[in-house]
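The block underneath contains the structure these notes are about, expressed in structure tokens.
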Amino acid sequence: MAVQKPSVPKGTRDFSPTEMVKRNFIFDTIKGVFKLFGYLPIETPAMENLTTLLGKYGEEGDKLLFKVLNSGDYLSKAKSDLSKAGSSSFALEICEKGLRYDLTVPFARFVVQHLNDITFPFKRYQIQPVWRADKPQKGRYREFYQCDVDVIGSNSLLNEVELIQIIDQVFQKLAINAVIKMNNRKILSGIAEAIGQPEKFMDITIAIDKLDKIGIEKVNKELLSKGIDSGAIDKLKPIFELKGSNQDKLISLTTILKDSEIGLDGVKEVEMVFNYFDSLPLNTELELDLTLARGLNYYTGAIFEVKAKGIQIGSICGGGRYDDLTGVFGLKDVSGVGISFGADRIYDVMEQLNIFPDEIVASTKVMFVNFGEKEEKYCLPLVQKLRENGISSEIYPSSAKMKKQMTYANNKNIPYVVMVGENEIEKGILSVKDMMKGEQLELNFEGLLQKITS
RNA sequence: GUGGUUGUAGCUCAGUUGGUUAGAGUGCUGGAUUGUGGUUCCAGAGGUCGUGGGUUCGAUUCCCAUCAUCCACCCCA
């Protein structure tokens with residue numbers, strides 16, 4: 001067989017040890033905050049039945065699902081004629097599974113399937129990869145990790161408050177300067193009603209989502225092309241140009257939406273959430289952004305999106321309330337709310353800002369140089385004793401040239417190298433080299449311990 | 001799915017207006033220094049110039065196709 005150039009599929013990546021250390025730092029921080037708020041972990045399979053996934057993410061999302069070919073002689077079992085069927089409907093005959101697209105829909109499936117074992121409100125977190133058959137580009141991968149927290153079976157706005165607190169704490173711990181944008185789908189519905197276009201709610205939503213990216217003119221053009229008349233568009237304009245504090249915006253909205261029951265409902269919800277933070281200080285900026293819409297069509301109430309300040313990358317966290325996601329699986333009237341942290345984008349942001357703490361990279365603290373069989377046997381118990389004291393230690397696996405062993409320690413950023421050869425064994429001491437300072441000391445084991453832990 | 005960018009050593013990139021032997025930095029291996037890394041000096045290994053076709057006496061260079069890549073749009077974490 002011809003030698004093939006090794007590569008990974010488009011949009012997927014390998015992670016080196018240094019990258020993994022940093023990634024784990026992100027995962028551990030996020031997980032730590034989740035636990036602090038009383039959330040418990042679950043995991044679901046990489047693959048779901050396509051029937052579970054299809055139709056939950058809108059037309060665009062369905063196209064981005066990775067489908068898994070059935071095993072065996074899948075063609076003979078297909079009913080349609082290959083040449084006649086459209087490729088998408090044919091795909092459904094030869095694929096019954098797909099890779100998960102997010103963690104929220106599998107979670108909804110999980111809740112319904114394990115109803116008997118769950119006590120509501122159910123708070124869970126889930127950190128697993130998801131896959132999207134997207135065209136990769138900056139900040140966009142085909143395989144990436146989401147860190148989801150959701151609480152299902154509770155209408156209380158306290159959950160929204162809690163999620164904002166979680167976002168606040170996570171980004172504070174990661175030292176990312178972020179801004180939380182919040183809106184409410186009910187307000188957006190209300191606006192659609194107020195301008196006399198309630199049935200065009202989804203189109204309006206998608207168009208205004210692009211406002212800060214493409215500007216008001218192009219949004220208007222898109223709205224026109226969706227069949228919204230210019231009179232309605234004119235009414236829309238002042239709403240999105242509302243200035244001032246969150247309070248000011250809410251007051252103006254109350255007048256604009258005075259005839260829309262659902263709109264006022266949304267305003268009230270947002271107001272209540274904001275009120276909690278009068279006596280609950282936040283580190284992160286919290287902003288009511290009326291142009292925030294989000295494409296996923298299962299959201300019904302509050303919606304969130306978090307952006308890193310000063311970094312050109314999509315949102316690093318997003319989520320919202322979904323009132324009936326479990327409905328399609330047969331469980332009605334159960335409301336949930338959750339958010340998802342995009343670990344890979346958070347990584348990119350932190351890398352760009354160079355804000356990973358230095359100390360997380362250190363792995364081995366002490367390396368013993370290997371001088372030969374006799375010395376190995378002398379050193380191994382010492383290495384073990386260090387480990388018992390909680391110090392990561394290793395001995396070089398072969399008596400290679402000193403230079404090579406030192407280079408290894410240097411490349412691995414090992415701060416201390418211990419040399420025990422014939423001389424040291426005879427004198428009963430350890431030669432300890434501090435790789436940062438370049439100085440070398442003769443110590444006994446206690447001295448070594450003290451030096452490292454000081 | 002639409003439009004563009006780039007593809008030369010493990011990595012980052014020069015270069016060739018078409019010509020015989022393909023360049024640097026960095027990394028790697030060895031030596032100066034047989035028990036001392038990070039600095040310095042010397043030497044060495046490492047290339048189907050993305051792949052396939054065309055033009056030509058001759059193509060890494062020009063043309064076409066294709067794949068990969070990154071970026072923008074769509075959409076999204």
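Since the model is a prediction, treat every value here as computed from it, not as a measurement. Residue numbers start from 1 in every chain, and the chains themselves are labelled A, B, ... in the order their sequence lines are given, proteins ahead of strands.
Of all nucleotides present, none satisfies the Watson-Crick or G-U wobble test against B/C75 with each distance under 3.5 Å. Here B/U55 sits opposite no nucleotide as a Watson-Crick or G-U wobble pair (both hydrogen-bonding atom distances under 3.5 Å). The partner of B/U40 is B/A32, judged by Watson-Crick or G-U wobble contacts that both fall below 3.5 Å. Within the shown strands, nothing qualifies as a pairing partner of B/A22 under the Watson-Crick or G-U definition with both distances less than 3.5 Å.
Under the rule for a salt bridge (charged side-chain N to carboxylate O under 4.0 Å, His left out), the partners of A/Asp344 that lie at least two apart in sequence or sit in another chain are A/Arg13, A/Arg23.
Between A/Phe356 and A/Phe25, the angle of the ring planes goes over 60°, which puts this pair in the perpendicular group of the 30/60° scheme. Classified by interplanar angle (parallel below 30°, tilted 30° to 60°, perpendicular above 60°), the ring pair A/Tyr408/A/Tyr396 is perpendicular. The aromatic rings of A/Phe110 and A/His114 sit tilted, their planes meeting at an angle between 30° and 60°.
Annotation: side chain of A/Thr104 is in contact with side chain of A/Tyr298 (closest heavy-atom distance under 4.5 Å). Residues A/Lys307 and A/Ile316 fail the side-chain proximity criterion, which asks for heavy atoms closer than 4.5 Å. Looking at A/Leu103 and A/Phe107, their side chains never come closer than 4.5 Å, going by heavy atoms from C-beta outward. In this structure, A/Trp131 and A/Thr12 have side chains that are not in contact, with every pair of non-hydrogen atoms separated by 4.5 Å or more. Taking the side chain as every heavy atom from C-beta outward, A/Lys97 and A/Glu48 never approach each other to under 4.5 Å. Taking the side chain as every heavy atom from C-beta outward, A/Lys67 and A/Glu96 never approach each other to under 4.5 Å.
In this structure, A/Lys309 pairs ionically with A/Glu285, as a charged nitrogen and a carboxylate oxygen lie closer than 4.0 Å. Ionic pairing of A/Glu162 and A/Lys123 is present here: one or more N-O contacts between side-chain nitrogen and carboxylate oxygen are shorter than 4.0 angstrom. A salt bridge between A/Asp348 and A/Lys138 is absent, with no side-chain N of the basic residue lying under 4.0 Å from a carboxylate O of the acidic one. A salt bridge is defined here as a Lys NZ or Arg NE, NH1 or NH2 lying under 4.0 Å from an Asp or Glu carboxylate O, and A/Asp134 with A/Arg142 fails to meet this definition.
In this structure, A/Leu430 atom CG and B/G35 atom C1' are separated by 15 Å, rounded to whole Å. If you measure from atom CD of A/Glu442 to atom P of B/G35, you get 17 Å, rounded to the nearest angstrom. In this structure, A/Gln146 atom CD and B/C76 atom P are separated by 13 Å, rounded to whole Å. Per the geometry, NZ belonging to A/Lys138 stands 13 Å off P belonging to B/C70, to the nearest Å. In this structure, A/Lys135 atom NZ and B/G4 atom C1' are separated by 10 Å, rounded to whole Å. Straight-line distance from the CZ atom of A/Phe144 to the P atom of B/C75: 16 Å, rounded to whole Å. The distance from atom CZ of A/Phe304 to atom P of B/A77 is 14 Å, rounded to the nearest whole Å. Nucleotide B/C76 holds its P atom 17 Å from the CG atom of A/Leu103, rounded to whole Å.
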Anything under 3.5 Å between a donor and an acceptor, one on a side chain of residues 438-451 of chain A, the other on a protein residue two or more places apart or in another chain? List them.
from, atom 1, to, atom 2, distance (Å)
A/Asn444, OD1, A/Glu446, N, 3.4
A/Asn444, OD1, A/Gly447, N, 2.8

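For a distance-only test at 3.5 Å, the side chain of A/Glu375 fails to qualify as a donor-acceptor partner of the base of B/G35. Scanning atom types as modelled, no donor and acceptor separated by under 3.5 angstrom connect the side chain of A/Arg140 and the base of B/C70. For A/Gln440 and B/U36, a side-chain-to-base donor-acceptor distance below 3.5 Å is present, hydrogens and geometry of angles not being considered.
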Taking only N/O atoms, report every protein-nucleotides 9-12 of chain B pair under 3.5 Å with atom names and distance.
none

Dump every N/O contact between nucleotides 37-41 of chain B and the protein below 3.5 Å, one line per pair.
from, atom 1, to, atom 2, distance (Å)
B/G37, O2', A/Asn410, ND2, 3.2
B/G37, N7, A/Lys433, NZ, 3.1
B/G37, N1, A/Met435, O, 2.8
B/G37, N2, A/Asn410, OD1, 3.0
B/G37, N2, A/Met435, O, 2.7
B/G37, N3, A/Asn410, OD1, 3.2
B/G38, O4', A/Asn410, ND2, 3.2

Atom pairs under 3.5 Å, N or O on each side, protein against nucleotides 66-69 of chain B: can you list them with distances?
none

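No contact: A/Gln312 has no heavy atom under 4.0 Å from any strand. If you check every strand for non-hydrogen atoms under 4.0 Å, A/Gly314 touches nothing. Residue-level contact check: A/Tyr145 touches neither bases nor backbone, having no heavy atom under 4.0 Å from any strand. Within the 4.0 angstrom heavy-atom criterion, base atoms lie near A/Glu422.
With both ends at atom P, the span from B/A45 to B/U39 equals 23 Å, rounded to whole Å. With C1' as the reference atom, B/G18 and B/C62 are 8 Å apart, rounded to whole Å.
Between A/Gln137 and B/A72, a side-chain N or O to OP1/OP2 separation shorter than 4.0 Å is present.
For A/Tyr125 and A/Phe37, the ring centers are positioned 6.0 Å apart or more.
The 5' end of RNA chain B is approached more closely, in terms of each residue's nearest nucleotide, by A/Asn423 than by the other of A/Gly139 and A/Asn423.
A heavy-atom distance below 4.0 Å to RNA chain B is reached by none of the residues of residues 443-450 of chain A.
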